[in-house]
Amino acid sequence: VGLALVATGIVYFIVFGHIALPGSSTKGGETAQNLLEHFEKIYGFDSHIHEIDVPKKSKIAGLALDELEVDYHVQIIATDFRGNTYLEPPRDTVIETPCRLAVIADRTSLENFIREFGLKKLKELDRFTETLSPDKAGVAEIVVPPGSSLIGKTGRELWIRKAYGISNLAIHRGGETLSRDKHNVGNIPFQAGDTIISHTRWDALARLEKNRDFVVVTTDYPREELRPHKVLPALVFFLIALGLILFSDLRLSLCLLIGAIGMIVTGVLSVDEAYRSVGWSTVFLLASLIPLGQSVQSTGTAAWIAGQAMFLLDGMPVWVVQAAVAMLATIFTLIMSNVGATVLLVPLAVNIALGVGASPAIFALTVAISTSNSFLIPTHQVNALIMGPAGYSVKDFIRAGGIMTFIFLAVSLPMINLVF
């Protein structure tokens, strides 16, 4: 039964995930959109990324990026060839076909480039969706300070893209923006006070913040400090937490807390980082639901609701009664713990099964499985845990989880009767 449910869930999200799941609404995405609007307003050039499909027999094959960028005033920030994606490729990279190119250019230059080589512009990013996502890369402002070793040198001389991981889109100097569509930006010597508008990976930008040759103006971008030397303690305490969950009687929350404390003690993350990682909205959500579920159970409200529901189904066919038990268990698990809902409903389900001449074991199993059918709203601990990091809202759960709830019922009930 479990295997059938897992397979169905995977197929559902593979086929309908793009419809059921929300689009990117992370802070990184919002920040990137704000930055694009800022650059268009302040510097007056389009920094949107376009994905270009290059056919196999295109005459662009064999040409270097540098030649294309200089002659056609485009900036090629990524290439995809034979399934391998290269971000901020060096200027001496030679085009091999068929491939995809990620290009930043003004409308006129882009149209001339596409027309010259018989290329095709896709409506939206396809192969570069992950590589160029707002959480991984974007456009940034970098200032050349007095005393920088860049002064008097050009981007071409410095191999700036290869050495620093930044694609120079424009230079703002003395109130004027020297953009690629009007100037050969790579051949302009840098001066103190120049603002370099560039496309870069966020990890490369984080490294530039530590380089005295640059002053990074863009600070509101997704960043993550890498600590590769902490991999071993992180892995050890992850396995400890997982082992406690699988092989001990400790509560799930306590097992995870032990793992988290171990990572703080060993310096995998600091206390401040741990606090920032907590989804406090999730904490208050669960803190409110726990007393609600306990009150519904302890006052007898849940038992009364269950009894009234079963009274209305008196005389119905067995499969209708079983489906009603499954739906009742699904509803209860949205406001109660799945353990509490199971303990409450299993005795009732057994009595109902005896009354309608059905198998008590099948009805008890129906309750046990249906109390895990908690996809509709983020009241289950697992749903609540992923709600914050994934940027989901209650509406997102209702849209994706509502369909999943009915699919769960439609698959679990026939499988239970088929197997048992």
Side-chain angles (χ1 to χ4, degrees), residues 1-2 4-6 8-9 12 20 252 282 284-356 358-387 392-417:
V1 176
L5 291 171
V6 169
T8 303
Y12 164 59
L252 172 65
T282 302
F284 284 102
L285 172 66
L286 295 178
S288 302
L289 285 171
I290 291 172
L292 174 63
Q294 289 179 342
S295 63
V296 169
Q297 184 175 356
S298 60
T299 59
T301 304
W304 180 83
I305 293 173
Q308 293 299 312
M310 293 302 103
F311 176 77
L312 295 174
L313 293 170
D314 187 32
M316 293 288 184
V318 173
W319 67 271
V320 175
V321 177
Q322 184 183 3
V325 169
M327 287 188 286
L328 192 63
T330 299
I331 294 171
F332 275 23
T333 198
L334 297 177
I335 57 174
M336 300 170 58
S337 70
N338 53 347
V339 175
T342 302
V343 170
L344 175 69
L345 290 177
V346 163
L348 180 63
V350 169
N351 289 331
I352 292 172
L354 293 173
V356 298
S359 169
I362 290 181
F363 270 59
L365 188 61
T366 298
V367 171
I369 291 178
S370 297
T371 50
S372 295
N373 187 11
S374 53
F375 308 106
L376 188 61
I377 52 178
T379 52
H380 190 276
Q381 297 94 320
V382 175
N383 294 347
L385 282 173
I386 67 171
M387 184 177 179
Y392 294 148
S393 65
V394 175
K395 290 182 180 179
D396 297 330
F397 271 94
I398 292 175
R399 181 171 63 237
I403 300 173
M404 189 64 198
T405 297
F406 288 105
I407 291 177
F408 189 103
L409 291 171
V411 173
S412 63
L413 290 176
M415 285 299 299
I416 290 172
N417 287 281

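Positions are given from 1 along the sequence.
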Nearest heavy-atom neighbours spanning [X] and [Y]:
X: Ala20; Y: Arg399; answer: O-NE, 3.1 Å
X: Leu409; Y: Pro414; answer: O-CD, 4.0 Å
X: Ala358; Y: Phe363; answer: CB-CE1, 3.5 Å
X: Ser295; Y: Thr299; answer: O-OG1, 2.6 Å
X: Gly402; Y: Leu376; answer: CA-CD1, 3.4 Å

For atom CZ of Phe406, is the number of surrounding heavy atoms from other residues, nucleotides or ligands below 6.0 Å larger than 12?
->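 For Phe406, atom CZ is not crowded (no more than 12 foreign heavy atoms under 6.0 Å).
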Considering residues at least two apart in sequence or located in another chain, which fulfil the ring-ring contact (aromatic ring centres under 6.0 Å, His included) criterion with Phe375?
->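 In terms of ring-ring contact (aromatic ring centres under 6.0 Å, His included), with neighbours along the sequence ignored, Phe375 is linked to Phe408.
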Would you mind reporting whether Ser372 and Thr333 have side-chain heavy atoms less than 4.5 Å apart?
->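 Side chain of Thr333 against side chain of Ser372, heavy atoms only: no contact under 4.5 Å found.
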[X]: which residues meet the side-chain hydrogen bond (donor to acceptor under 3.5 Å, both in side chains) condition with it, sequence neighbours left out?
X: Thr371; answer: Thr342
X: Thr366; answer: Gln322
X: Thr330; answer: Asn373

If the condition is side-chain contact (heavy atoms from CB on, under 4.5 Å), which residues does [X] pass it with, not counting sequence neighbours?
X: Ala410; answer: none
X: Ala361; answer: Ser359
X: Ile331; answer: none

Approximate separation, where rounding is to 0.5 Å, of Ile407 CD1 and Ser412 OG =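 Rounded to the nearest 0.5 Å, the CD1-OG separation comes out at 11.5 Å.
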What pairs of donor and acceptor atoms, side-chain ones from residues 345-353 against any protein atom, are under 3.5 angstrom apart with sequence neighbours left out?
| residue | atom | partner | partner atom | Å |
| --- | --- | --- | --- | --- |
| Asn351 | ND2 | Pro347 | O | 3.3 |

